[in-house]
J.: 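Sharing a structure below in structure tokens format, with a few things to ask.
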Amino acid sequence: MARHLITSALPYINGIKHLGNMVGSMLPADVYSRYLRQRGHDVLYICATDEHGTPAELAAKEQGLPVAEFCGKAHDAQKAVYDGFGLAFDHFGRSSSAQNAELTQHFARKLNENGFIEERAIRQVYSPADGRFLPDRYVEGTCPHCGYDKARGDQCENCTRVLDPTDLINPRSAISGSTDLEVRETKHLFLLQSKLQVEVEEWIARTAGEWPQLASSIARKWLTEGLHDRAITRDLDWGVPVPADTWPELSAEGKVFYVWFDAPIEYIGSTKEWSDQNPADRDWKSWWYKADDVRYTQFMAKDNVPFHSVMFPATEMGVREPWKKVDYLKSFNWLTYYGGKFSTSQKRGIFTDAALEILPADYWRYFLIANAPESDDSSFTWEHFAATVNKDLADTLGNFVNRVLSFSRKRFGDDVPAGKEAGEAEAKLGTEIAGLLAEYEAQMEALQFRKAASALRALWSAGNSYLEEKAPWLEIKTDPEAAALTLRTAMNLIHLYAVVSEPFIPASSKAMRGAFALADDTATWVTAEQAKALDTVPAGTAFTVPPVLFAKITEEDLESYRERFGGAAE
């Protein structure tokens, strides 16, 4: 089996993420990782918190904490939420780790040796009151385009225009609030991406053909517009230090690497963190260095595509070492909230910690993947969420499981009944299930998550159709053995659903699988032959009726959700 390296875009450290962040990177990566593991592949799923940059420093200042302490607490808070969502990372690291600092400095030295880094003088805002140069986000003021008075020096959140600190009207320091600002000359390191343009173009031509249209079109657009040399250092107290052995003057000034430079390297750094926990059994380099046997898949929202499709590959190429580059870049559009943007800073929409407070993770996992913004943006509404949960999870899957097990216990006791030998209806069902399973597998292999969810839903629906056709509640009156066969077959479907639904709804799958007291239940997947036979759970197997898997969302529930989170009834 193949070796699969999977990474999802690093969530930024300043605050709990919203559902749009979840569905745009980490959740689909987890679903795919779980699927591949079940199919027997060697999988390594890596992620981390992205901890450097001005927002981390500003958030720490707001809370009155040293930035390192703030990041440590924020990392633990985010990890707790991801655990709650059932995200099965092999390692969830931190970009502030010693491993990432070591690798970032190594990359910078090699780029410099190969002529791809240049020291340049630039003019930058300086605050005498703070005694320091101010990176773009440390300058706030009024947007010259829309008049928003809390615009940052890099971008106006209100109108989304990209800005330079010197564009702002009435600029002030985000640290002290001082308006006594000057523009002074200072030196920074620039990555000469322009010198790597042709190499990146050739690599994209070879690699991006199988990527989603969204990812490949963004990459090609950036290349068409031309790669520009970019500053890779900042005047901050928090970050990977510029190494003194290579740039003594900049190191003495306290320069650190810009977050966009060190964050992608943390994919490798986090893998080394994982390896260093158990070095005797883990080899981080085998996943990243001369790793020709590894297939590398990245997951991210569209705003991260330029960094991962063009900029980081350019960095890897410039190092002139055989570091693994992405093979498949799965990108997503936006999940909106009633057609508007989720906003971390403005607390608009549903955030992942609040989502887990009101409903278990599987409700969210299934809905988000079944409505993933793959081909275009998709909108979250409470009405759509409730309809999906009630129809697919509560009625189609949950009700099937409950009524089969409850009815069988009532009529035949606590063991799977034997009944007749399988007949024509069971053979027809087995063939249908095998075909639907093949469709589900094909969509998962193609990373088409909405289509995979549709195929999974069709598998669940096939069981309901079989049950309605056979009607064991009527069979029991005239032919108990026929009813027993129907229920035994349906119980085998429940076990099959438990196995193949695990990537989407792991907790519910565990509950379904745990209903049967199988002595040696080690199956990780279902073959076509097993799907046709439907005999994994034999007669005589003891079973229990699990608690209700999915409760319906009522209109009263919806009213309370809309009151708490906003969103008008449709």
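We're numbering straight along the sequence, starting at 1. Note that these values count all heavy atoms, side chains included, but never hydrogens, waters or copies made by symmetry.
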J.: Before accepting this row, confirm whether a basic side-chain N of the pair Arg234/Asp136 lies closer than 4.0 Å to the acidic partner's carboxylate O.
T.: yes

J.: Side chains of Ser173 and Asp130: donor-acceptor distance under 3.5 Å anywhere?
T.: yes

J.: Under a 4.5 Å cut-off applied to non-hydrogen side-chain atoms, are Ile350 and Trp382 in contact?
T.: yes

J.: Considering only NZ, NE, NH1 and NH2 on the basic side and carboxylate oxygens on the acidic side, decide whether Arg564 and Glu357 come within less than 4.0 Å.
T.: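 Between Glu357 and Arg564 there is a salt bridge, with a charged N closer than 4.0 Å to a carboxylate O.
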
J.: In Å, rounded to the nearest 0.5 Å, how long is the span from CG of Asn371 to OH of Tyr366?
T.: 8.0 Å

J.: Going by distance alone, is a donor N or O of one side chain under 3.5 Å from an acceptor N or O of the other, for Asn100 and Ser95?
T.: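 Ser95 and Asn100 do not have a side-chain donor-acceptor pair below 3.5 Å.
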
J.: Supply the atom-to-atom distance Glu502 CD to Ser508 OG, rounded to the nearest 0.5 angstrom.
T.: 11.0 Å

J.: Please check if atom NZ in Lys187 has more than 12 non-hydrogen atoms from other residues, nucleotides or ligands closer than 6.0 Å.
T.: no

J.: Are Lys302 and Asp377 close enough that some pair of their side-chain heavy atoms sits under 4.5 Å apart?
T.: yes

J.: Nearest 0.5 Å, what's the CD1-CD distance between Ile46 and Gln298?
T.: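 Atom-to-atom, Ile46:CD1 and Gln298:CD are 13.0 Å apart.
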
J.: Distance alone, cut at 3.5 Å: any donor-acceptor contact between the side chains of Glu273 and Ser97?
T.: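 Yes.
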
J.: Tell me yes or no: between the side chains of His188 and Asp235, is some donor less than 3.5 Å from an acceptor?
T.: yes

J.: Evaluate Asp164 against Arg123 for salt bridge (charged side-chain N to carboxylate O under 4.0 Å, His left out), listing each step before the verdict.
T.: CA-CA 11 Å; Asp164 185 271; Arg123 293 178 65 76; over 6 Å; no

J.: Are a donor atom and an acceptor atom from the side chains of Lys285 and Ser275 found within less than 3.5 Å of each other?
T.: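 No.
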
J.: Can you find a pair of side-chain heavy atoms, one from Arg282 and one from Trp287, that are under 4.5 Å apart?
T.: no

J.: Taking the six-membered ring of Tyr82, is the NZ or CZ of Lys17 close enough (under 6.0 Å from the centre) and on axis enough (within 45°)?
T.: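 No; the conditions do not both hold, so Lys17 does not lie above the ring face of Tyr82.
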
J.: Tell me the closest heavy-atom pair linking Gln193 and Asp229, and the distance in Å.
T.: N-OD1, 3.2 Å

J.: Would you call Lys510 and Asp362 a salt bridge, taking side-chain N to carboxylate O under 4.0 Å as the test?
T.: no

J.: Please find out if less than 6.0 Å separates the ring center of Phe342 from that of Trp334.
T.: no

J.: Any chance you could measure Leu168, atom CG, to Glu140, atom CD, to the nearest 0.5 Å?
T.: 9.0 Å

J.: Does Glu563, at its CD atom, have more than 12 non-hydrogen atoms belonging to other residues, nucleotides or ligands within less than 6.0 Å?
T.: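 It does not: Glu563 CD has 12 such atoms or fewer within range.
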
J.: I need the Leu227 CG to Met311 CE distance, nearest 0.5 Å.
T.: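 Going from CG on Leu227 over to CE on Met311, the span is 7.5 Å.
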
J.: Are any non-hydrogen side-chain atoms of Asp276 and Gln99 less than 4.5 angstrom apart?
T.: yes

J.: Any salt bridge (charged side-chain N to carboxylate O under 4.0 Å, His left out) involving residues 319-337? Give me the pairs, sequence neighbours left out, ordered by first then second residue.
T.: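 Every pair satisfying salt bridge (charged side-chain N to carboxylate O under 4.0 Å, His left out) with a residue in residues 319-337: Glu199-Arg320, Lys324-Asp327, Lys330-Glu374.
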
J.: When the ring planes of Phe385 and Phe380 are compared, do they come out parallel, tilted or perpendicular, using 30° and 60° as the limits?
T.: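 It falls in the tilted class, 30° to 60°.
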
J.: Indicate yes or no for a side-chain donor-acceptor contact from Asn170 to the backbone of Gly141 under 3.5 Å, with no hydrogens or angles considered.
T.: no

J.: Which word best sums up how the rings of Phe107 and Phe312 line up, parallel for under 30°, tilted for 30 to 60°, or perpendicular for over 60°?
T.: parallel

J.: Please give me the minimum heavy-atom distance between Ile13 and His75, naming the atom from each residue.
T.: CD1-N, 3.5 Å

J.: So Leu335 and His18, do their side chains get closer than 4.5 Å, heavy atoms only?
T.: no

J.: If we only count heavy atoms from C-beta on, is the Leu236 to Arg132 side-chain gap below 4.5 Å?
T.: yes

J.: For Ser375 and Asn333, which heavy atoms make the closest approach, and how far apart are they?
T.: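 Smallest heavy-atom distance, with atoms named: C-ND2, 3.4 Å.
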
J.: Give a yes or no on whether the backbone of Val43 and the side-chain of His4 come within a donor-acceptor separation of less than 3.5 Å.
T.: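 No.
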
J.: Mind checking the CG-CG spacing from Asp376 to Leu214? Nearest 0.5 Å is all I need.
T.: 10.5 Å

J.: Between Tyr45 and Tyr32, does the ring centroid distance fall short of 6.0 Å?
T.: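 When the ring centroids of Tyr45 and Tyr32 are compared, they turn out to be at least 6.0 Å apart.
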
J.: Counting only heavy atoms not in Arg161 (residues, nucleotides, ligands), do more than 12 fall under 6.0 Å from its CZ?
T.: no

J.: Using modelled atom types only, decide if a donor and an acceptor are shared between the side chain of Arg172 and the backbone of Thr179 within a distance under 3.5 Å.
T.: no

J.: Given the rule in the salt bridge (charged side-chain N to carboxylate O under 4.0 Å, His left out) test, do Glu113 and Arg109 qualify, once you have shown the distances and angles that lead to the verdict?
T.: CA-CA 6 Å; Glu113 289 174 14; Arg109 290 187 186 101; over 6 Å; no

J.: Are the side chains of Thr315 and Leu111 in contact, using a 4.5 Å heavy-atom criterion?
T.: yes

J.: Thinking salt bridges, do Arg37 and Asp90 make one under a 4.0 Å N-O criterion?
T.: yes

J.: In residues 59-69, what donor-acceptor pairs under 3.5 Å come from side-chain atoms, sequence neighbours left out?
T.:
{"residue": "Lys61", "atom": "NZ", "partner": "Ile175", "partner atom": "O", "Å": "2.8"}
{"residue": "Glu69", "atom": "OE2", "partner": "Lys73", "partner atom": "NZ", "Å": "3.4"}

J.: For Trp288, which residues count as a ring-ring contact (aromatic ring centres under 6.0 Å, His included) partner, sequence neighbours excluded?
T.: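 Checked Trp288 against ring-ring contact (aromatic ring centres under 6.0 Å, His included); matches are Tyr296.
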
J.: Do His308 and Tyr267 have ring centroids that are under 6.0 Å from one another?
T.: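 Centroid separation for Tyr267 and His308: below 6.0 Å.
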
J.: Could Arg152 and Asp154 be called an ion pair, given the rule that one side-chain N must be under 4.0 Å from one carboxylate O?
T.: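 Yes, this pair counts.
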
